[in-house]
Amino acid sequence: MPLKIYNTLTGSVDELVPGGTRKEQVSDYPSVTIYSCGPTVYSFAHIGNFRTFVFNDFLRRHLKFRGFKVNHAMNITDVDDKTIAGARAEGISLEKYTARYTDIFMEDLKTLNIEPVEHLPKATDSIDSMIDIIKQLHDKGYLYEKEGSLYFSIAKFNGYGRMSRLDTREIKSGLRYDTDSYGKDDVRDFALWKAPKENEVSWETPYGRGRPGWHIECSAMIRKIFGTTIDIHTGGVDLIFPHHENEIAQSEAAYGETFVRHWIHVEHLLVNGSKMSKSLGNYYTLRDLLEKGYSPRSIRYLLISAHYRKQFNFTLEGITQADQALDRIDNLIVRLSDIKKEAAPTPELRKLADSMISGFTDAVDDDLNISRGLGVFFEFIHAVNTLISDDKLSRADIDAVVEALKKLDAVLGFIFIKDASKADRDEAWIESMIQERLQAKKVRNFARADEIRNLLTAQGIILEDTKDGTRWKLK
RNA sequence: GGCGCCGUACCCAAGUGGCUAAGGGAGAGGUCUGCAAAACCUUUAUGCAGCGGUUCGAAUCCGCUCGGCGCCUCCA
C-alpha cells in the first residue's frame with residue numbers, strides 16, 4: 001500500500017513520490033527532500049507552534065519507518081521586524097538576541113523528543129542565495145523598486161494564488177495598510193528586499209542596501225540546500241497565504257521549475273475554541289506547562305494524537321487524559337516484565353504483534369491517520385493483557401512484544417521515554433519498606449502495614465499488590 | 001463580504017455508501033486483596049447538530065437550517 005498524504009496544492013490525497021518518478025521499491029527512491037517552516041526566534045514558541053513541529057517529527061519518523069531516506073531542513077528566521085524590535089528593546093545585538101531564543105527553541109524540541117533534522121539554516125546565513133533570487137527576478141522583469149524596497153509583481157506571474165485558490169478572490173477593500181504596502185502597485189505584491197531604516201541591520205547588495213523580506217528566506221534556503229524541486233514543504237495552515245503562495249511565485253518565476261511537489265499544512269491548535277496565538281494572548285509555552293507539572297511525554301502524545309488536518313482544542317484536561325493513556329502503555333510493559341512462566345513462545349502472540357504493526361502502518365499510510373493507528377495499538381495492548389491474565393504468555397514471549405513496541409516507538413517517540421526515573425529514588429529503601437510491610441502483613445499487623453503504605457504514598461510512590469508480590473511505581 | 005473546514009456517547013476522538021458505529025479518558029459492575037489502592041476484565045450511542053432529498057441501503061452523497069472555527073492582515 002502506498003503512502004498517501006493530502007496535498008494542499010492539488011486539493012487531494014496524493015501518493016508520495018520522492019523525486020517525482022514512481023518506483024517499484026521504496027528503497028529505489030531518492031531521499032525525500034523536506035523543508036519545514038521553522039520559528040521566528042523573537043520569544044518562546046507556544047504549544048500551538050509545537051503542534052506543527054511535533055507533526056513534522058512524526059512525518060519524518062514515519063517516512064523513515066516506511067523505509068524512505070529523509071533529507072530534512074528547517075529554517076530559523078533570525079531577522080524580521082520582531083527580532084529587530086526585541087534586540088533593540090534590550091539594547092543588545094540582533095545576533096545575541098536571536099541566539100538566545102534559538103537555544104531555547106532547540107532545548108524545547110529536545111524536551112519533546114523531536115529528532116534533529118539534517119539542516120537547520122539561519123536566514124542571515126542565506127543572504128547570498130536571496131540575492132541570487134533577486135538577480136534572477138530582476139533579469140526576468142518580475143520586480144520593481146519603490147522607495148528603496150524591492151517588490152515582486154504578482155501580476156507578472158501567471159498562476160499566482162493557485163494553491164490558496166485566491167486568484168478568483170478579491171482582497172477585501174478597506175483593509176488597514178501595513179507599513180510595507182505603502183506605494184505598492186498591487187496590495188498583494190510583496191517585499192523581497194526592504195529598504196534600510198536607521199540603526200537597523202542591513203546588507204549590501206547590487207540592488208542597494210537593505211534586509212530580506214520574510215518570504216524570500218525559505219525560497220533561498222531551499223535553493224541553497226536542495227538546488228531544485230523538493231518533495232515536501234510543511235507549515236501551519238496560516239502560512240498558505242500569503243507566505244507559501246509567495247514562495248512559489250518567486251521561486252518558480254526565478255528558476256522556471258516546479259518549486260515543491262507536495263505541500264502539507266497542519267491545522268491550528270485552539271484554546272477555548274479560538275486560535276492559540278501570541279497576539280490574542282491565549283497561549284501556553286512548553287515551559288508554562290512543565291511548570292504546572294505536566295510531562296513532556298504527555299504533551300507530545302496529546303499533540304500527536306489528533307489528526308493534523310483537524311483543528312484541535314487544547315485543554316489541560318486533555319494532557320491529563322493523555323497521561324492516563326500513557327499509563328496504560330506503561331502498565332503493559334510492567335506486567336510483561338513480571339511474567340515468570342517458562343515455556344515455548346506463543347505463536348498467537350507473534351501473529352498479533354505482526355498484525356498490529358501492519359494495521360498501524362496502513363492507518364498512518366492513509367493521510368497520516370494517527371488516531372486510527374493508536375486505536376490499533378490499544379487494541380493490541382488489550383489483547384496482550386488478556387493473554388497475560390489467562391496465563392498464556394511466558395518469558396520467551398516478552399521480546400516479541402517489546403520488539404513490536406520499539407518499532408512503533410520509532411514513529412511515535414513517546415513509548416520508551418521516561419520523565420521521572422525510578423532511579424532518582426532510593427530504591428533500596430523502598431524495597432526494604434515493602435519487605436517490612438509484607439512481614440507485617442504476614443503476622444496480621446495491618447496497622448503497621450497501612451502505615452508504611454501511607455508513608456510511601458505521601459512520597460508519590462504507589463504500591464501494587466499482585467498475586468506474585470508487591471511492585472511499586474511513581475505517581 | 002469572499003473562500004474553506006468542522007458538528008459522532010459525560011469528555012477527547014476514528015469512521016466518508018453496506019457485517020453488531022474503532023480507540024483513549026471518566027462512570028458503573030467484576031477479578032485480585034486483611035481492607036484498600038493499583039492493575040486487569042466486562043460494560044456504557046437502535047444512533048452520528050436539525051429538517052428534507054437521492055439510494056435496495058447514508059453518520060458517510062445532495063439541499064436547506066442552526067451552531068462553532070479558520071483564512072482573506074504578522075502568525076505554526
Side-chain angles (χ1 to χ4, degrees), chain A residues 11 36-40 42 45-56 80-82 161 164-166 168-178 180-181 187-188 214 234-243 265-270 273-280 301-302 305-307 309-313 315 317-318 320-332 334-335 338 359 363 366 369-382 385-386 388-390 440-442 444-447 449-450 453-454 457 462-467 470-473 475:
Chain A
S36 297
C37 278
T40 302
Y42 71 102
H46 62 61
I47 206 72
N49 302 131
F50 283 117
R51 180 189 191 186
T52 303
F53 301 126
V54 166
F55 169 79
N56 290 338
D80 82 316
D81 291 347
K82 287 175 183 147
S164 56
R165 286 146 194 98
L166 191 85
T168 53
R169 296 181 214 171
E170 295 270 324
I171 294 290
K172 192 180 174 186
S173 57
L175 281 175
R176 46 197 123 82
Y177 284 85
D178 65 77
D180 294 324
S181 66
V187 268
R188 291 173 295 173
W214 171 36
T234 75
V237 286
D238 48 4
L239 299 183
I240 296 172
F241 182 87
H243 184 51
H265 291 100
V266 183
E267 258 296 353
H268 283 137
L269 203 64
L270 309 181
S274 59
K275 176 179 161 180
M276 181 179 286
S277 77
K278 292 272 175 65
S279 49
L280 291 172
Y301 179 97
L302 181 67
S305 66
H307 191 254
R309 278 204 292 134
K310 264 192 146 177
Q311 292 173 344
F312 183 67
N313 196 35
T315 60
E317 196 198 343
T320 305
Q321 292 196 1
D323 203 45
Q324 308 278 13
L326 287 168
D327 275 348
R328 202 166 158 73
I329 299 170
D330 293 344
N331 289 329
L332 175 78
V334 170
R335 291 188 85 209
D338 274 0
D366 182 10
N369 193 335
I370 184 64
S371 306
R372 202 170 93 210
L374 289 175
V376 171
F377 179 33
F378 281 104
E379 279 172 349
F380 170 75
I381 291 178
H382 179 215
N385 269 323
T386 301
I388 295 174
S389 296
D390 292 349
K441 282 173 66 173
K442 223 171 227 169
R444 304 190 68 78
N445 181 357
F446 297 124
D450 289 350
R453 185 167 67 197
N454 291 336
T457 304
I462 296 173
L463 296 186
E464 296 185 15
D465 290 335
T466 72
K467 56 177 184 291
T470 299
R471 63 185 176 224
W472 62 278
K473 68 178 183 184
K475 177 77 191 106

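Chain naming here is simple, since letters A, B, ... match the order of the sequence lines and numbering starts at 1 in each. What you are looking at is a predicted structure, and each value in this text was computed from that prediction instead of being measured.
- D81(A) contributes atom CG, which lies 10.5 Å from atom OG1 of T40(A) (distance to the nearest 0.5 angstrom).
- For the C1' atoms, the distance linking U73(B) with A59(B) amounts to 37 Å, nearest Å.
- With a cut-off of 3.5 Å on both Watson-Crick or G-U wobble distances, the partner of C61(B) is given as G53(B).
- Of the candidates A38(B), A22(B), G25(B), A38(B) carries the atom nearest the K473(A) side chain, counting heavy atoms from C-beta on.
- Taking atom P in both A9(B) and A21(B), the straight-line distance is 15 Å, to the nearest Å.
- The separation between R328(A) atom CZ and G23(B) atom P is 10 Å, rounded to whole Å.
- The structure places CD of Q311(A) at 4.5 Å from CD of E267(A), a figure rounded to the nearest 0.5 Å.
- At the heavy-atom level, G48(A) lies under 4.0 Å from base atoms of the strands shown.
- With P as the reference atom, A76(B) and C40(B) are 40 Å apart, rounded to whole Å.
- Evaluation of the salt bridge (Lys or Arg N to Asp or Glu O under 4.0 Å) rule for D465(A) yields R437(A), K441(A) as partners, not counting sequence neighbours.
- Summarising the geometry, atom CG belonging to D323(A) is positioned 11.0 Å from atom OH belonging to Y301(A); distances are rounded to the nearest 0.5 Å.
- Remark: C1' of G24(B) and CD of Q324(A) are 10 Å apart, rounded to the nearest angstrom.
- Within 4.0 Å of D465(A), counting heavy atoms only, lies at least one base atom of the nucleic acid.
- For T386(A), the listed nucleotide lying nearest its side chain is C41(B); candidates were G24(B), C41(B), A76(B).
- For D238(A), the listed nucleotide lying nearest its side chain is C71(B); candidates were C71(B), C40(B), C74(B).
- Take D327(A) and apply the salt bridge (Lys or Arg N to Asp or Glu O under 4.0 Å) test, not counting sequence neighbours, and it matches no residue.
- Here F378(A) does not pack flat against the base of G23(B), since the 5.5 angstrom centre distance and 30 degree tilt limits are not both met.
- Judged by closest nucleotide on RNA chain B, Y301(A) is the one of V266(A) and Y301(A) placed further toward the 5' end.
- Residue N369(A) is classed as a sugar-phosphate contact, given heavy-atom separations below 4.0 Å to backbone atoms only.
- Residues G273(A) and N313(A) approach most closely at N-OD1, 3.2 Å, considering heavy atoms.
- Rounded to whole angstrom, the span from the CZ atom of F446(A) across to the P atom of A36(B) amounts to 12 Å.
- Residue D450(A) has its side chain nearest to G34(B) when only G34(B), A37(B), A76(B) are considered.
- Using the Watson-Crick or G-U wobble rule with both distances under 3.5 Å, C19(B) pairs with nothing in any strand shown.
- Going from atom CG of N331(A) over to atom C1' of A38(B) covers 8 Å, rounded to whole Å.
- Rounded to whole Å, atom P of A39(B) lies 14 Å from atom CD1 of I329(A).
- Across all strands shown, G34(B) has no partner, as no Watson-Crick or G-U wobble contact with both distances under 3.5 Å is found.
- Put simply, CZ on F241(A) is 7 Å from C1' on C72(B), counting in whole angstrom units.
- Residues satisfying the side chain to side chain contact (heavy atoms under 4.5 Å, CB included) test with A363(A), not counting sequence neighbours, are R372(A).
- Residue contacts for K275(A): at a heavy-atom cut-off of 4.0 Å it reaches a base atom on one of the strands shown.
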What nitrogen or oxygen pairs link the protein and nucleotides 6-13 of chain B at under 3.5 Å?
from: C11(B); atom 1: O2; to: Q321(A); atom 2: NE2; distance (Å): 3.4

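- Nucleotides G47(B) and U20(B) are separated by 13 Å at their C1' atoms, to the nearest Å.
- Side-chain contact check for N331(A) versus K473(A): some heavy-atom pair is nearer than 4.5 Å.
- Applying the salt bridge (Lys or Arg N to Asp or Glu O under 4.0 Å) test to R335(A) and every residue at least two apart in sequence or in another chain returns nothing.
- With a cut-off of 3.5 Å on both Watson-Crick or G-U wobble distances, the partner of C66(B) is given as G7(B).
- As rounded to the nearest Å, G34(B) and A45(B) have P atoms that lie 36 Å from one another.
- Among the protein residues, I240(A) comes within range of no part of the nucleic acid, since none of its heavy atoms lies under 4.0 Å from any strand.
- To the nearest whole angstrom, the two C1' atoms, one in C32(B) and one in G24(B), are 24 Å apart.
- Distance noted for atom P between C10(B) and C5(B): 28 Å (whole Å).
- Across all strands, S274(A) comes closer than 4.0 Å only to sugar-phosphate atoms, never to a base (heavy-atom distances).
- Taking R471(A) as the reference, D338(A), E464(A) meet the salt bridge (Lys or Arg N to Asp or Glu O under 4.0 Å) condition, with sequence neighbours excluded.
- Considering only the side chain of K441(A), G34(B) comes nearest among A39(B), G34(B), A76(B).
- The CZ-C1' distance, from R471(A) to C32(B), rounds to 12 Å in whole Å.
- Under the Watson-Crick and G-U wobble criteria, each requiring two contacts below 3.5 Å, nucleotide U43(B) is paired to G27(B).
- L463(A) comes within 4.0 angstrom of a base, heavy atoms only.
- Among the protein residues, H382(A) comes within range of the sugar-phosphate backbone only, with heavy atoms under 4.0 Å from sugar or phosphate atoms but none that close to a base.
- In this structure, the CG atom of L332(A) is 11 Å from the C1' atom of C40(B), given to the nearest Å.
- With a cut-off of 3.5 Å on both Watson-Crick or G-U wobble distances, the partner of U73(B) is given as none.
- Here the separation of U8(B) from A13(B), taken at their C1' atoms, is 9 Å to the nearest Å.
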